[in-house]
Each structure stands twice: as structure tokens, then as C-alpha cells.
There are 2 protein chains.
Amino acid sequence: MLNDPLVLTPIAGATRAEPEKRVRDRGATEKAILKAAKSLLAEEGFQNFGINAVARRAGCDKQLIYRYYGGLNGLVEAIGADLGTWVKDRIPEDTGGMFLLTYGDLMERLSLLFLEALRDDPLVRRIVAWEVSENTEQVRRLSEARSKALANWLERMRGSLAPPKGIDAVAVNAIVIAAIQHLVLSASAGGQCAGLSLKTPKDWEKAATALKRIVRGVYG
Amino acid sequence: MLNDPLVLTPIAGATRAEPEKRVRDRGATEKAILKAAKSLLAEEGFQNFGINAVARRAGCDKQLIYRYYGGLNGLVEAIGADLGTWVKDRIPEDTGGMFLLTYGDLMERLSLLFLEALRDDPLVRRIVAWEVSENTEQVRRLSEARSKALANWLERMRGSLAPPKGIDAVAVNAIVIAAIQHLVLSASAGGQCAGLSLKTPKDWEKAATALKRIVRGVYG
DNA sequence: CCGAATTGTCACTTGCCGGTGAGTAGCAAC
DNA sequence: GTTGCTACTCACCGGCAAGTGACAATTCGG
């Protein structure tokens, strides 16, 4: 056997840097792994998301990911569970003291809130990009968690306000949400969308204005 | 040396199937490679898009891809060049005999045409998904080719019609296009978007109706 | 006919991936 | 102590990716 640890020459701690003395704490390690996974996904995207990369970033052995989460799938599921609380953390529940009298008022406000929240959250952005790029079990689970959270939020915010008669609000809102998501993704990836530059705050103001106009156009 | 070809036993053409006698024709091979690349990208997505996969599908050695296209980048560039002709093949130039009197008429029609065209073209769909998922040199080139083609088409179709005063048409149109793209991508990946099912023709009719309503809402 | 360029094939290196089996280190109860 | 459990690490496997250099097969100019 080469490198038999029993025969390894100790070298008297020569240039040995801190052995780091990792504390043995399963809970902490699990958290570290989850955190590493989320930040990796947020920063690098799903392309470079894998067992090895997560383990490297978490500073532990990949074996622990198998043990604690049952592999990548389990880890993704854990991320999805976290995701359920996204809206809560990101978007204010109250409407900032303003009274929303009409469905149009509401949707205008929600659209802008959603736009802001998405712009501020790289992790969810990556997940949305993932959703439209692949159709694996992993993605489906994440997607489901996200859409459920989103639907809940919409429902809660809607309160008792009803959409105007004769308008398919589900379809219209889906299109508005689609627009926001794609706008933010495009901007994130290339700084523009369909000829519209989306880099400076001024750019985003123009986009927001146009978005408001569109929402007002349908809902009055 | 194992398997030295000079010592290989000829086995008298035993179960030897057709040696296939590939004709030596560089032009044909180049076309085959390009075609393989496009179909691979369209069917499998950018995830599994690589030198080896393209070569396998084209039925030739990957070396030829390096020789003829200078690697994946060159190949992607060739795809981008093809892409410039996308609109020409996909979308009718004339407006089907109808007279478009207002900018609203025009944009309603163009939105629906664009929606249809994108729904029918898996390759461009994959490219759009790629655009929002990565920011590499390859993607930038493809993206540029596509957006240029799109802008040209829009410009040509617009003719002399001017958007209503006081409306930022560039921004509004970008949002509409974003919505369409994300709608189609979502549907393609998961059969739905933000709670709106997008599977049956009936589903799509609802979406189209909502889209029309939105466009009409802004442009009157 | 011959040599050279073109066209196509193959074997190989290197590197990273997911996954697994076997082993080590700390910590408590007996 | 030593026994046993848990947390953790390591070495290794097979597989597939990109990329490269050498070689075989064909065609063409002279």
C-alpha cells in the first residue's frame, strides 16, 4: 500500500498550516452544507451545481451530503423547503399604509413589488432560469415550492378584491408575471431585453413605468 | 502495441456490415455537422451540447469539427449566422391581406405571430433559454444574432406606423416580448406558467386572448 | 505513375464528475 | 482501559468530457 497512514512520516508539523480542528457538530455541518448549496446556486447557477462543488464550498467531504441529505436531490428539496419562506422575507406583507381601492391598484403595486424582490434575489433568479431550461425531478420540486409560495402570497394580498368582470385574471396575471421574470432574467444575464437596456436605475425606471402602464391598461 | 492495425486479422469480412463507403466531401460533412448541431441543440438543450455529442450525432469524428469550425465556438457562430434568416422562414412578411390601421392593430398581430413562431421553433426556444441562463461568449453571439434579426423584422413590419405619443414603445414592446418568451419557455419546460396551464390548444387560446387584451390595453 | 494535399479515423492524455467502501478521529458508557 | 457509536475523511472506481498528435485512405495535379 502506498501512503499507508500507519506508516506516514509525521514531518513534525513542518509547514503544516492550522489543522483547523473542525468541531464535530452535525447540525452545524448540515447548515453549512445547505448554505453552501444556496450560495453556490445563486452565484454560479445550476450549470456548475453538483455534489463535488457543494462539498468544496462547504469545506467538507461530499460523503456527508449523501449521509445528511441523501444526495443532491435531497439537498435541492431542502432548498425548496427554505424557498417556501421566500416571500415572507422579501416582500412586505402590508401595503405600506396605502389603501388599495381597486384591483388595478393592487396589481400595479404587486407587480412592482415582485419586480423588486426578484431583482434582489439571485438565488430565486437562478431557480427561475433553471425552471425554463430543464425538466428534471429536481427542478420540478423547486418549481413547485416556488409557485406555491407565490400563489399563496398573491392570494393573501388579494384579500377580498375581485378582478373586473369579463377578464381572465389568471391568464393576464400569468403573462404579467412571465414578463417580469423574463425581464429580470434577461437583465441579469445580458443587461438588456429585446433592445431595451436594463443596467442603470434609470433604465429600470423606464421599465417600471411601462409595466405600470401595461397593468393599468388591462385593469383600468 | 495492442490493436496494431498492421497486424489486425482481417476475418474475411465475416459479420462485417456495409463498410458504408463514406464519400469524401468536405462540403457535405460541414453541412452534416451544422445540421447535427442545430438538431442536437433543439432537442437536447444546451446542457448536453458539446463537441462529442455533436460529432456522435453527425456520425463523424470530432476532429473534423475542430478543423472545419475551429471548435464549438465557431460552430455556434455558424448557427448564429443561420439564425439571421429565422424570421424570414418562420413569419409571413405580409399581414395576410388585412389592413393595419393603427399601431395597436399592428402590435396585436405581431405579438400573436411571434408567439406562434416561437412555439413552433424548438431551436430558438432553446437559445432563448440559454440566453437567460448563461453569459458566455457563445451565448452572447447567438443572442446578438437573434436580437438583430428580431429588431429588423419589427422595423420592417412597422412600416410607417408610429406608436401613440407619450408611450415608451421600446420599453412596452420589450415587456410584451419578454412575456411571450417566458410564457413559451415555461410551457415548453413544465406545461404551465404561474398557475396558468399551457398544454392544450384551449389553454393557448386563453393565453392569446389575455395577450391581446394586454396589448390593446396599452395601445388602444 | 508519383507525390502531395485533402479528408477522415483512431488512440491517447488530462481532468472533472458522481458514487462508494473502507478507514480515522472524537466522545461517552461501562 | 476497551467497547461502541457517531462524525468525518480518504482513496479509488468507472465514465465521459475536451482537446491533440499521429496515422490511414482517398483524391488530384503534374
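Nothing here was measured: the structure is a model prediction, and the numbers come from that model. Chain letters run A, B, ... following the sequence lines, proteins first, then strands; residues in each count from 1.
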Test of understanding: with side chain to side chain donor-acceptor pair (under 3.5 Å), list the residues that count as partners of B:R141, not counting sequence neighbours. B:E77
Going by side chain to side chain contact (heavy atoms under 4.5 Å, CB included), name the residues that satisfy it together with A:E205, two or more places apart in sequence or in a different chain. none
Show every ring pair (Phe, Tyr, Trp, His ring centres under 6.0 Å) that has at least one partner inside residues 181-210 of chain A, sequence neighbours left out. A:H182-B:H182
Roughly how many Å is it from NZ in A:K31 to P in D:dA7, rounded to a whole number? 16 Å
Heavy-atom closest contact (B:L110 atom, B:M157 atom, distance): CD2-CE, 3.7 Å
Kindly say if B:R26 contacts the phosphate of D:dT26, meaning a side-chain N or O under 4.0 Å from OP1 or OP2. no
Phosphate contact (D:dA7 OP1 or OP2) by A:Y68 side-chain N/O below 4.0 Å: no
At a heavy-atom distance below 4.0 Å, what parts of residues 33-54 of chain A sit against DNA chain D? none
Under 4.0 Å from OP1 or OP2 of C:dG8: is there any side-chain N or O of B:T29 that close? yes
Which nucleotide in the set D:dA18, D:dC10, D:dC8 lies at the smallest distance from any side-chain heavy atom of A:D61? D:dC10
To the nearest 0.5 Å, what is the distance between CG on A:L106 and CZ on A:R158? 9.0 Å
By salt bridge (Lys or Arg N to Asp or Glu O under 4.0 Å), which residues pair with B:R119, not counting sequence neighbours? none
Short heteroatom pairs, N/O only, protein and nucleotides 27-30 of chain C, under 3.5 Å:
none

Taken to the nearest whole Å, NZ/B:K62 to C1'/D:dT20 is 9 Å
Nearest-nucleotide comparison on DNA chain D, the residue closer to the 5′ end among B:L72 and B:R67: B:L72
With respect to the phosphate group of C:dG19, does any side-chain polar atom (N or O) of A:Y66 fall under 4.0 Å of OP1 or OP2? yes
B:Y69 OH to C:dG8 C1', in whole Å, measures 16 Å
Salt bridge A:R26-A:E30, side-chain N to carboxylate O under 4.0 Å: yes
Here the distance between atom P of D:dC10 and atom CZ of A:R56, to the nearest Å, is 15 Å
Rounded distance [0.5 Å steps], CD1 in A:I127 versus CG in A:D121: 8.0 Å
Whole-Å distance separating the CD atom of A:E30 from the P atom of D:dA7: 9 Å
Between atom OG of A:S197 and atom CG of A:D203, what is the distance when rounded to the nearest 0.5 Å? 4.0 Å
Whole-Å distance separating the CG atom of B:D25 from the C1' atom of C:dG8: 12 Å
Taking CG from A:L64 and P from C:dG21, how many angstroms apart are they, rounded to a whole number? 16 Å
Separation of A:I65 atom CD1 from C:dC17 atom P, in whole Å? 12 Å
